[in-house]
Amino acid sequence: MDRTPVIVGIGLSEYPVAPDLDGVQHHVLAAQRAIADAGIEKSMIDGYVNAGGGGGMMVDDAVTMAEYLRIDHKYIDGTMTGGSSFEFHVQHLAAAIRDGLCDTALVTYGSDQLSRMGRRLGTGGFQRAGQRVAGPIQYEAAYGNSLVGSYAMHAMRHMHEYGTTSEQLAEIAVGIREFAMLNPKAMYRDPMTVDDVLNSRMIADPLHKLDCCAITDGGGAFVITTAERAKDLPQDSIYVLGAAGGQTHWNVSQQPDFTTSAGAKAAPIAFGQAGLTHDDVDMLMFYDSFTITCLILLESLGFVKPGEGGPFVAEGNLKRGGKWPLNTDGGGLSSNHPGMRGIFLIIEAVRQLRGQGGESQVPDCEVALAAGSGGWLSCIGVAILGRSHP
Amino acid sequence: MTAEVRTVEEWTKPLPQLDGVSTEYWQAASEGRLLIQQCPKCGHKQWYPRALCTACAADPEWLECSGRGEIHTFTVVRQYGAKPFRDELPYVIAMVQLEEGPMIMGAVTDIDPDAVRIGMAVEVYFVKAADDVGIPYWRPV
C-alpha cells in the first residue's frame, strides 16, 4: 500500500471581512469545504490537527475543536509555532501518514481577527499599564515594542549589513499587489506603486504602512491522506515532497541574527527529502507578514545568497511571470491575514499545483514551496509540494 | 560599576513578574547594576537570565556588566495603541550588543530618535519601577 502523503482537499471560509462568522465558524466552514473538495466522508477522518490561536473570545484549541467537530481521531496534534504552525503540521502529518498513525487527517484554522479585534494586532500594544508580565517577555515588556517593531529591527539590520533599500522592500509589496488585483476577494486591490509604499506613513522605522500585511477575518482547512486512498478521490493528488522546520528563538530579543532565519536549516532538509533543487521550484508561497519577512525567507532558504535579495527582487523575479512568482493569491500584504496565515500558503500552493489558479495561474506549475514564519521570524516551517512523486 | 538610577513619580508601564531566576536580576537593576550570566563550566555568557547555561546545561553564575555597549539594531516606534506608550511616541527600541558579548533589548532615550544609528555607543541607566525592580535603559555615551 502506497502511504506517500498527499493533499486531496482544500477549503477556505469567507474573507477578508466576515462579520457574521466567529472564529469557530471559520474553522467549521473551511472544514466543510475541504471535506467536500476532497470528496470524502467525514467519518473517514481519523487524524486532526489544529494550532488554535484564532484570537478573540473563542476557544479553538485542538482538543476542544476535535470535540466540537466530533472527530474520532487516532492522531491529534496541537503544535503552535505561530503563523508557521501549518507548515510544521505538514511535516508532522507526512510522518504520521507514512507511519500509519492515521490514514486521513484534517487540519483547520479560523479567526475573526478583524471583526472582533480590529486592527490592533500589529501596533495595538500587547502590554498594558501596570500589568505584571511573566516568563521571558518580562525582559521586553517595559519598552513598548510592537509586532511591527520586531520585524522592523530585522529590516534595519539587513539594510545596515547589505545595503538593502526601502525601494527594494516595496517591490515585494507591489509584486504581491499585482496578484491581489487578480483575486476578486482580496482585501486591497487598487493598483499600487513603489512610491505609494514609500509615501505611506512610517509605522516602525524602516517599515511603512504598506510594508505591513492586512488584518482580516478568515479560515482555512486541508485534508491529507495516503496516495493509495487518494486514487479514488476526485481531485488531483498533491504530493508532500519534503517538509522541515526549525526555531532560532521565540521572543525577538533572543534572535541570534537579525538578517536570517531558521529556514537556513530547514530548507536543505526539505529539499533533500524532495530530491529537488531551488531551480525545480515553480512558485513560492512565503509568509508575508511584512515585506522584510519575504526577503529574509528568500535568502535564508537559499533561493539567493545573503544580501542578494534586494537587487534580485528589484529585477522583478518574484512578480507574475518572473522566475519565482510569489504569493499568487495576493498574500497577507494585500489579500488576507487573519493572524496566522500559514494555512493559506498550503492551500494556494495546492490550488496552483492543481492548475486551478485562474488568472493568476503559474504556467506549468509542477513544484511549489511554502514557507511559514511564526512569531518574529522565530519558527520557520518549509513544505515542498508537487504534482508528481519522483 | 553602578549606573544612575532614576526615579519616576509613578511607574505606569508593565512590570516583570518576579520568578526564581529573575528576582536577583531586577533587584540588582534597582541598585544600578546590570547582570548577565556566565557559565563556570564552559564560559558561555547569556541574557536573559535562565536556570541553566543554554550552551552546556550547567548552572550559570551572575556576571556584573560594564553597562556599555553598542546598538546592534533598532527601530523607531511611531504607532502604538495602548497607554502609556501611545503618549510617548515616537520612541526607540534597540538591541544593544554588550561589551561582554551578549545582546540585550532596551529602549534608547536622551537622544532625538532620528539621530539613532547602528553602531552607536550607549551606556545603561536604570529607572526604578518598584522597590525591587529597576528597568534598564540606554543613552548615548
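Just so we're on the same page: letters track the sequence lines, and every chain starts at 1. Values below: every heavy atom of this structure, side chains too, minus hydrogens, waters and symmetry copies.
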* Parallel, tilted or perpendicular: which describes the rings of B:Tyr25 and A:Tyr139, with under 30° parallel and over 60° perpendicular? ->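 Rings of B:Tyr25 and A:Tyr139: perpendicular, over 60°.
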* **Any donor-acceptor N/O pair, B:Arg78 side chain to A:Ile203 backbone, under 3.5 Å** => no
If you look at every heavy atom in [X] and [Y], which pair is closest and at what distance?
X        : Y        : answer
A:Gly144 : B:Tyr91  : O-OH, 2.6 Å
A:Asp205 : B:Thr75  : O-OG1, 2.6 Å
B:Tyr137 : A:Ala142 : OH-O, 4.0 Å
B:Pro14  : A:Ala141 : CG-O, 3.5 Å

* Check: B:Ile118 and A:Arg157 side chains under 4.5 Å, non-hydrogen atoms ->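 A side-chain contact exists here, since the closest heavy-atom pair is under 4.5 Å.
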* Checking heavy atoms, do the side chain of B:Ala94, its backbone, both or neither come under 4.5 Å from chain A? ->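 For B:Ala94, the backbone is the part near chain A, not the side chain.
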* Asked: Using non-hydrogen atoms only, which part of B:Pro113 is less than 4.5 Å away from chain A: side chain, backbone, both, or neither?
  ->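 Contact with chain A is absent: no heavy atom of B:Pro113 under 4.5 Å.
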* Could you list which of residues 95-108 of chain B have a heavy atom closer than 4.5 Å to any heavy atom of chain A, in residue-number order? => B:Met95, B:Met103, B:Met105, B:Gly106, B:Ala107
* State, without any angle test, whether A:Gln254 and B:Trp47 hold a side-chain donor-acceptor pair at a distance under 3.5 Å. =>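 Side-chain D/A pair, A:Gln254 to B:Trp47: absent.
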* Assess the side chains of B:Ser22 and A:Gln138: does a donor N or O sit below 3.5 Å from an acceptor N or O? => yes
* Asked: Which is it for A:His160 and B:Thr73 under the side chain to side chain contact (heavy atoms under 4.5 Å, CB included) test, yes or no, and what are the steps along the way?
  -> CA-CA 9 Å; A:His160 175 79; B:Thr73 190; over 6 Å; no
* Are A:Tyr143 and B:Phe85 near enough that their ring centres are under 6.0 Å apart? -> no
* In terms of heavy-atom pairs under 4.5 Å with chain B, which of A:His154, A:Met156, A:Met159 leads? ->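 Maximum pair count with chain B is reached by A:Met156.
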